[in-house]
Structure formats: structure tokens, C-alpha cells
Engineer: 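Supplied in C-alpha cells, the structure appears directly below.
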Amino acid sequence: MICAGRSVSNAPVGAPAPPIRAISVLPDVTGIDRRFTYLIPEDYEGPAIEVGDLVRVNLAGRRVRAWVLAREGDLSAELPDGVLAKPILGFVSRALSQEIVDLAEACARYYVSRLRPFLGAGTPDRNVRPGDLSAAQAKRAAAIRARREVSAGERHPGYRAGDPVALLARRLFDEGGGVIELPPNAARLLLVESLLEAVMTREPSATLLVLVPEHRDVAILAKHLVELGRSCAALPEEHVLAASGVDVVIGTRTALFAPIEHLGGIVVLDAHAESYRDERAPNWSAPTVARLRAVAARVPLILVSPCVPLVFSRDSEPAKLETALARAYWPVIETLDRRGDDPRSGLYATELGEMIREALARDDRRVAVILNRTGRLRLLACHFCGEIARCEHCGGAMHQRERAGSGAANLLHCVSCNAERPELCAICGRARLRSLRVGATRAAEELGAIVGVETGLVTGATIDEVAAPLIVGTEAVLHRLRAASLVVFLDFDQHLLAARFGAAEESLALLCTAGRLVGGRATRRADHPWRRVVVQTRLPEHEVLLAARAGDPSQLRAGERALRRELSLPPFSALALASGGDATELARRLGALPSSPSEHRRLEVVPFGGVAAGRYLLRAPDHEVLASSLRLVHSRELNLRLEFDPRAL
DNA sequence: CGGACAAGCTGA
DNA sequence: CAGCTTGTCCGG
């Protein structure tokens, strides 16, 4: 037991000891993730230090930032013998709040993870001085005054309290939250507006937190809401404003960690979107964290999606619009059945060129053509003997690579071992190879020639604005354009047949995204009959295509639900992938856990990708069983990565 | 993470 | 045995 006060205080013997101001902090240093006790010096003159603030401390001789996790009156119980708490070096920034620190701790527990990634997610990029808050509050007061002047007649022209979308949202909010299946072209702004009304009816000063998948959507939605006279903080730029109390806070997944003084509800738009999942460990996903926050704050959570994944509708169907109405908001989807086509016609159905030419001629909007493969030729075969071009060293498929300088012969390049050789067949030695699978780069060249217009290429790597009327590329195209007359999927079977159990849901999501660009069936018919989504496929009767054409994903979901229940796949089980140096040790410890009484609650540990890979797939009946087992055996000294709901499956 | 320190290796 | 590398531990 120590008296840390002695190290900082010269209080005379016999006088009452001054209060010890100790704080518990977590340093912002990777690989530490431990709490340390520091003191606020007696002569400290900076701003009052609160839970969630960033302070600077001296840790093992280094000056580092650290989050304040708790204020402790008495540190005698916390410190081991002989350890003296050091004073903090100063205040750095306001960052989080008690609620967000609690949320981060709940997340770390849920994902059996370190705390630092979650604290980091909510911390603003730029330091916030305590004084900045009052300026933001002044701005908020102005915004509220402005809002009072908005009369009912000045509302968004589309807003009607009796609109089916508004009613649906209102009903779900009043029931305490839930899932809404909102078709691709139904007004999301109307839904948000309705939820905002609901929040403010319940508590006028409360804030609605709105999540969107991409940063681009933040500005668009925020602009609309401001036009409606709502005070609105767009994250991450307006972190301070969000903390000061506004009607709406909008942001991408990190907005879940925004300090909001009085949260009234959370809505996650396009809850199916993959960008809601952090690709870095601990791979947290926004709908899951949104649920943790909503439960802690006791506010409704509304998940909205045109294609509600099974994880959000395991046992019951989402709330939805009446079928005929929903159908009107779905795009026209047309399939080009390629089964009968001559295989030599390549990637393009005979009528495709004419379809694109018509859309370009009759519409100001651009045409988007999607092929989700980058590069030129992804799989090559000898024109004469049919042998696939493979690497002599590792046997992997070789791709075509352009050689620097024009006119030079192409080289074949092995993606896995980097070997190169001239473009010759390894078996018969002849130099004529043909492509079995064409990449987006090559498709852009070919389509440009077929249609006879300027063609732009967009992939995930494209940075510049692309102005061409015909855009060819990977699905990055769908996120780049705001509207299109025609969207073509050149090889949709690649998505439908992907060897992942989520492939069907992801394929439907692609059609929904494309459907937003071309608009709904109801608005299209008379004036823009060519606006549609065209899908080239050899599987025109695939249930994904049937569901999309019917504008009703519930039939697809019913099939998936039965299948996944049968196979005990999520959401009828919980999965995690353990990898890294000590994954084998983790697997051993999990295997040694005493099995619980009822057999079905057992945890399965299966080597993944071969025993030698040192990766293990963990399966339990539900997340809580999985996480609590992992919490029992995981410890700080184990070097491993845990990925819940792994994507690679 | 990165500094401190201990253990292990090398050359004179 | 100094001088160096490598490995392990720990931070308040």
C-alpha cells in the first residue's frame, strides 16, 4: 500500500490531506491496451479534466496521448506496492464522453478485443478545446431559432405525414425499433424526416443519429435536412457541433462513437452495406454497434435496407410497404439469357451494343457497364491446344501484363510468385493465346469499339473524375455515379455463383445499388422506357433475379433461411476465424474448456484452409456463447487475430 | 509500441 | 570480458 499523495503534496503533518485527484487512463499506443493511474498535479491550471478527454502523459519515458477512462478519488487500491503514480503532463483535447467510453468498453467486450480501436473511432482528428463547445452551442441556438420559422407549408414537397413510408417509420419507432425493408427508390429522406418527428414528439431536445454507408451520402443527406430547417451536424467534420446538441447527427460508421448529449434514436440506412464493416481487426460492424448503443441508451434502433440480410431478420420478416407500392419503387430489371449464345460471341450479347447506343442517344444520363474484375486478361488459354497459361514455378494462372513501350510483345505474369515469361503456350509453343476471362480494362476497350463512343474506365483505383458517356468498370462505378440511364452487368453469374454463403444477398444488393441509379419502375415508364438494369446471365431463373424482378426479396430470404438453418450457418450460429501466431494455442485452450451440460451449446473448433495454415474456424450456437468462451481463454499475451462473421467464407 | 535489461555470442 | 545482437518484459 502506498500513499501517492506523498509524492506530489507537501501538506504539513497533522493537517487534513488534500484530495488526491487520480485518473485512470489508456495510452494511445498500439500494443499496450492497459489502464494506468496518473495524478492531476495540485498546481494544474488547465481545463477541468473529464472522462473521455485526451491528456498527455509520460509513459516509460515517452510522451504519449491517453484517454481518461475514469476519475478515481483514491488510488491506493489500484496501484501495486512500490509504484508511484506520475502526474499528467497536460490536457490535450476533449474527445469522448462517459457514454462513449462505456460504449467502447461494451464493444471491446462483444468483440473480445482491445479497447483502443473503439476509443480511436470516436476521437476527432483535430483537437477540441473546451471553449469550442460554447461556440457550437451558440450555433445550435441559432439553428433552433431558424427551425421555428419553418412552417408546415414550407416542408419538403414530398413530405406528407400520411405517406406510407412515413407511417411505416413512425409505427416502428413507436414500437421501440425494428427493421424496415424500403425499396431501392423509395424516399429515404422522407423516412428520416418521419423518424425525426417521432424523436422530437417524444423529447424536443433529443437528437436522431443517422448512419449512411459512405461519406458521400453524408453531405447529400445533411444538405437536404438543413433545407428542411433542421439543425444538423455532419461527421466527422462537425464533431463539436454533434456534441452540442442538434436535431440530427449524420455520419458513416464512426459516427456511432459521436458524443451526443441526448440521443433520441438511431437509424441505419442501407444497413446491408459492406462498408459498415471495418476491414481492420476487430472488424466491427455498424449495425451491431448501433444495437449496443441503442440498448444502452434505451432508444429505438431502426435498420433500413432494400434487401434486408438474414442476420437482421432471422426469425421474422422486416416491416415493409404493401407489395404493389414496393414494386413501383424497384427498377425495371431485364435479363439477357446467354445460354443460347455462341461462346465465341464473348462477353457481349448481340443486342447489347444497340441497347447502349439507344440509351446514349435518348438520355442525358450516362451508361454504366459493370464487370467486377480488374486488369486485362485474367485467364488465358492457348488458341490451338486449349492449355491454360500457368506458371512453371508455382502452377498459378498467369495474367497478361503490358510491357513498357508501345509495340513491345506482352509478357505473362504470375500473380502469386511474380515470375514472368513471354506470351507463348508452354505446351505447344505457339504464340496465340485467347482470353477465357476478360478484365474491366479490356472490356472498356472492346465495348468502346463495339458501341463506337468514348469510354471511361473506373475501378477502385480510379481517382480522377471520368467524363465519358459510357463508363465501364468494377462495381466502383456504382458508387461513383449518382444517376445512369442504363446499368449493365456483363457477368452477373460471377456474383451469383461466388463461393461464399452470402453470395445471394450480395448479388441482390448490387442490383439494388444499380436500381437507385436508373430509378424506379413507376417514374420511368412513360418518359424514359430505356432506363433499366440489364443483367447478362446463364441463370435467368436464379432466385436472386426472380426476387429482384418481382421487387420482393422475401422469397429469396425464405429460401436462404431454410438453407442456413439446415447447415447451421449464421444467423443460426455464430462464426469467428482465429489466425496469427498463437491461434493454435487458442484452439487448444478452447478444446480444453469443459463442455457445457447441453450438447448443442458446444463450441466447434475446425482447422481452416488446412491444418498447416494455423487458422481455425470457431462455431457456436450464438454470439454470446462464442464470445464468452473466447473471453475465458483469450489473454493479453496471446498474439492472434479474431474475426467475427468472417467475410472470406 | 519502444526502451531497458538480461542472456547469448564473438573476437582478442 | 567488452561489445555487440537477440529476445523478453513492462510501462502508473
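Sequence lines set the chain letters: A, B, ... in the order given, protein chains first and strands last, and positions in each chain run from 1. Below, each value reflects all heavy atoms present in this structure, side chains not excepted, and no hydrogens, waters or symmetry copies.
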Engineer: Could you go over nucleotides 1-5 of chain B and give all protein N or O partners under 3.5 Å, atom names and distances?
Structural biologist:
| unit_1 | atom_1 | unit_2 | atom_2 | d |
| --- | --- | --- | --- | --- |
| B/dC1 | O4' | A/Thr30 | O | 3.0 |
| B/dC1 | O4' | A/Thr30 | OG1 | 3.4 |
| B/dC1 | N1 | A/Thr30 | O | 3.4 |
| B/dC1 | O2 | A/Arg62 | NH2 | 2.7 |
| B/dC1 | N4 | A/Gly31 | O | 3.3 |

Engineer: For A/Thr513, which residues count as a side chain to side chain donor-acceptor pair (under 3.5 Å) partner, sequence neighbours excluded?
Structural biologist: none
Engineer: What integer distance in Å separates A/Glu637:CD from C/dG11:C1'?
Structural biologist: 17 Å
Engineer: Output the residues of residues 116-124 of chain A in contact with DNA chain B, where contact means a heavy atom of the residue under 4.0 Å from an atom of the strand; sort by number or write none.
Structural biologist: none
Engineer: Given atom CZ of A/Arg636 and atom P of C/dT8, what is their separation to the nearest angstrom?
Structural biologist: 19 Å
Engineer: Verify the distance criterion only: is there a donor paired with an acceptor across the side chains of A/Ser97 and A/Glu99 at less than 3.5 Å?
Structural biologist: no
Engineer: Tell me, please, which residues at least two apart from A/His239 pass side chain to side chain donor-acceptor pair (under 3.5 Å).
Structural biologist: none
Engineer: Can you check the A/Leu26 CG to C/dG11 C1' distance for me, whole Å?
Structural biologist: 12 Å
Engineer: What is the distance, to the nearest angstrom, from the CG atom on A/Leu84 to the P atom on C/dG12?
Structural biologist: 10 Å
Engineer: Under 3.5 Å, which donor-acceptor pairs link side chains of residues 57-64 of chain A to any protein atom two or more places apart or in another chain?
Structural biologist:
| unit_1 | atom_1 | unit_2 | atom_2 | d |
| --- | --- | --- | --- | --- |
| A/Asn58 | OD1 | A/Gly61 | N | 3.0 |

Engineer: According to side chain to side chain donor-acceptor pair (under 3.5 Å), who are the partners of A/Ser507, at least two apart in sequence or on a separate chain?
Structural biologist: none
Engineer: With sequence neighbours excluded, what pairs up with A/Arg65 under the side chain to side chain donor-acceptor pair (under 3.5 Å) test?
Structural biologist: A/Asp28
Engineer: Output all residues satisfying ring-ring contact (aromatic ring centres under 6.0 Å, His included) with A/His623, sequence neighbours left out; order by chain, then residue number.
Structural biologist: A/Tyr110, A/Phe644
Engineer: Provide the full list of salt bridge (Lys or Arg N to Asp or Glu O under 4.0 Å) pairs with a residue in residues 571-582 of chain A, sequence neighbours left out, each pair given once.
Structural biologist: none
Engineer: Spell out yes or no: do the side chain of A/Arg35 and the base of C/dG12 have one donor N/O and one acceptor N/O closer than 3.5 Å?
Structural biologist: no
